Amino acid sequence: EGGRVILHMPTGSGKTRTAMNLIAKHLNRSEGVVLWLAHSEELCEQAAEEFEKAWSYLGDRTVTLRRFFKSHEWEETDDGLVVAGLSKLWAHLRKEQTAMHWLAPKVSLIVFDEAHQSVAPTFRLPVDIVLNMNPDCKFLGLTATPGRTWDDIDEDMVLSNFYNNEKVTLEIEGYETPIHYLVDQGYLSKTKFERLDYDEIGTLEGTDFSFMEEGREIPKAILDKIAGDGMRNARIIEKIQELVNLGHDRVLVFGINVPHAQELSSFLNFVGIQSECITSATDDYPRKRAIADFKTEGGDPRVLCNYGVLTTGFDAPKTSAAIIARPTNSLVLYSQMVGRVIRGPKVKGTEEAEIWTVVDTSLPGFDSIPGAFTNWDDVW
């Protein structure tokens with residue numbers, strides 16, 4: 001009703017597969033183009049592969065799958081799925097302003113992955129163009145976190161209004177939240193959340209903490225100071241050694257910035273634990289090799305340190321522990337980091353998972369995934 005809705009399902013519960021089932025049914029009903037929008041190459045490729053899989057079972061004809069991300073070029077199409085990376089599409093529209101105008105009449109459904117990002121001005125531009133030119137086009141958002149902030153209701157209402165305040169949530173009778181059901185049934189790991197408290201006395205002496213009262217993200221200058229704290233980093237390395245000694249073969253580490261992720265990885269290799277580091281600056285081949293090595297079962301324990309690239313679209317089910325060393329007051333970002341580590345045995349993951357959040361005691365933080373899932377219910 002009204003042509004717009006957001007689908008709210010937890011990480012690991014099958015948002016992409018559910019959406020592909022809907023897309024297949026939609027294309028079976030009528031010819032036309034479905035436009036899938038996602039912000040990262042990993043999410044785009046995941047979507048393309050899932051569509052090929054779903055259509056092989058559910059499709060009633062031969063349709064075209066177009067990729068428009070990374071090195072793929074724009075191609076016209078009249079029937080099928082176009083998977084587009086948002087940054088590449090934005091750059092394309094700046095050069096070819098009429099490209100989306102030509103496509104708009106053919107698009108009957110837009111799907112926006114990680115829909116909490118869809119109200120960002122550059123990301124919503126292609127959506128606005130299509131829906132303004134083609135009011136009959138339907139619009140589906142997918143997210144595990146249907147909000148943009150922790151506690152700014154006005155900002156979160158912008159997202160809710162964009163989807164006509166329509167949200168469909170996974171509900172299971174007899175369970176308080178779908179998280180509890182997914183853990184009970186083995187789709188998500190039984191997750192143990194632990195705090196690694198660190199009191200940064202001296203490091204942040206004289207720091208202006210007014211950003212906390214104003215609800216702003218932690219300033220870069222503060223993050224840089226924390227990243228360079230040798231004692232804090234030593235505590236992180238010790239905790240990773242402890243996790244490896246307890247039998248965790250695959251550990252994911254979220255660093256504060258690029259140098260921090262690189263430094264932690266170097267320290268780990270120095271103490272005899274195999275580690276790789278991935279950031280947005282990592283070239284394609286070493287990035288794929290590091291991820292493939294991490295995903296390969298068996299062999300010595302491995303640690304994958306990263307900054308900013310493995311929060312979405314990364315799936316390594318055998319990861320059984322994570323260190324979130326990156327302070328944030330973004331509940332969306334925290335939920336995404338946790339979501340990388342909690343795949344359960346039903347989806348080739350682990351029975352249990354440990355997540356250690358480095359808690360800088362003077363800064364805000366989070367520690368509840370069921371709480372995160374329901375945090376934004378009031379604005380819908």
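Quick caveat: nothing in here was measured; it's all calculated off a predicted structure.
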Please check if the side chain of K88 supplies one atom and the backbone of K70 the other of a donor-acceptor pair under 3.5 Å.
yes

If you draw a 6.0 Å radius around CZ in R61, do more than 12 non-hydrogen atoms from other residues or ligands fall strictly inside?
yes

Does a side-chain N-to-carboxylate-O contact under 4.0 Å join D293 and R289?
yes

If every non-hydrogen atom of P105 is compared with every non-hydrogen atom of H101, which pair is closest and at what distance?
CD-O, 3.3 Å

Does a salt bridge link D283 with R287, judged by any charged N lying under 4.0 Å from a carboxylate O?
no

Measuring from M100:CE to D128:CG, what's the distance to the nearest 0.5 Å?
11.5 Å

Are the side chain of R343 and the backbone of T319 linked by a donor-acceptor contact shorter than 3.5 Å?
no

Do S160 and N165 get their side chains close enough for a donor-acceptor pair, meaning under 3.5 Å?
yes

Nearest heavy-atom pair of V107 and N134: which atoms, and what distance?
O-ND2, 2.7 Å

Strictly by modelled atom types, are Y307 and S280 linked by a side-chain donor-acceptor pair under 3.5 Å?
no

Heavy-atom check, side chain of I273 versus side chain of Q241, under 4.5 Å
yes

If you measure only the distance, is there a donor-acceptor pair under 3.5 Å linking the side chains of H180 and T177?
yes

Q185 backbone acceptor or donor facing K346 side chain under 3.5 Å
yes

CG on L196 to CD on E238, rounded to 0.5 Å:
9.0 Å

Could you check if a side-chain atom of L159 sits within less than 4.5 angstrom of a side-chain atom of S118, using non-hydrogen atoms only?
yes

So V111 and L142, do their side chains get closer than 4.5 Å, heavy atoms only?
yes

Between N161 (side chain only) and N164 (backbone N and O only), is there a donor and an acceptor less than 3.5 Å apart?
no

Are V303 and Q274 close enough that some pair of their side-chain heavy atoms sits under 4.5 Å apart?
no

T279 (side chain) donor-acceptor with A281 (main chain) under 3.5 angstrom:
yes

Give a yes-or-no answer on whether the side chains of H248 and E354 include a donor-acceptor pair shorter than 3.5 Å.
yes

Please determine whether a side-chain nitrogen of the Lys or Arg among K190 and E351 lies less than 4.0 Å from a carboxylate oxygen of the Asp or Glu.
yes

Write down the atom of A84, the atom of L89, and the distance for their closest heavy-atom approach.
CB-CD2, 4.3 Å

Roughly how far, to the nearest 0.5 Å, is the OH atom of Y198 from the CZ atom of R235?
8.0 Å

Give a yes or no on whether the backbone of P10 and the side-chain of S13 come within a donor-acceptor separation of less than 3.5 Å.
yes

Would you tell me whether H116 and Q336 have side-chain atoms, one donor and one acceptor, within less than 3.5 Å of each other?
yes

Taking L252 as the starting point, is it possible to reach I323 by hopping between hydrophobic residues whose side chains are less than 4.5 Å apart?
no

Taking only Lys NZ, Arg NE, NH1 and NH2, and the carboxylate oxygens of Asp or Glu, determine whether R67 and E45 approach each other closer than 4.0 Å.
yes

Do H8 and P146 have side chains that get closer than 4.5 Å, going by heavy atoms?
yes

Are the side chains of E194 and I355 in touch, meaning some heavy atoms are under 4.5 Å apart?
no

Is the backbone N or O of S189 less than 3.5 Å from a side-chain atom of T191, with the two atoms forming a donor-acceptor pair by type?
yes

Give the ring-plane orientation class for F139 versus Y163, where under 30° counts as parallel, over 60° as perpendicular and anything between as tilted.
parallel

Minimum heavy-atom separation for V83 and A47, please, with both atom names.
CG1-CB, 4.3 Å

Should L125 and V82 be counted in the same cluster of Ile, Leu, Val, Met, Phe, Trp and Tyr side chains packed under 4.5 Å apart?
yes

Has the side chain of N306 got a donor or acceptor atom that lies under 3.5 Å from a matching backbone atom of V253?
yes

More than 12 heavy atoms from other groups under 6.0 Å of NZ on K25:
no

Nearest 0.5 Å, what's the CG-CZ distance between L37 and F123?
10.0 Å

State whether D79 and K106 are salt-bridged, where the test is any N-O pair (Lys NZ or Arg NE/NH1/NH2 against Asp/Glu carboxylate O) under 4.0 Å.
no

Does the pair K15/D113 count as a salt bridge with the N-to-O cut at 4.0 Å?
no

Side chain of R250, backbone of T296: donor and acceptor closer than 3.5 Å?
yes

Assess whether atom OH of Y187 is packed by more than 12 heavy atoms of other residues, nucleotides or ligands within 6.0 Å.
no

Locate the shortest heavy-atom distance separating A353 from V341; write the atom from each residue and the value.
CB-O, 3.6 Å

Determine whether the side chains of S320 and T350 contain a donor N or O and an acceptor N or O closer than 3.5 Å.
no

Closest non-hydrogen atom pair, A104 against V130
CB-CA, 3.9 Å

Is there a donor-acceptor contact under 3.5 Å linking the side chains of S108 and H26?
yes

Are L268 and V251 in one and the same hydrophobic cluster, where Ile, Leu, Val, Met, Phe, Trp and Tyr link if side-chain heavy atoms are under 4.5 Å apart?
yes

Report yes if some heavy atom in the side chain of L81 is under 4.5 Å from a heavy atom in the side chain of R66; otherwise report no.
no

Enter the distance from I291:CD1 to F294:CZ here, rounded to the nearest 0.5 Å.
10.0 Å

Are the side chains of W36 and I110 in contact, using a 4.5 Å heavy-atom criterion?
no

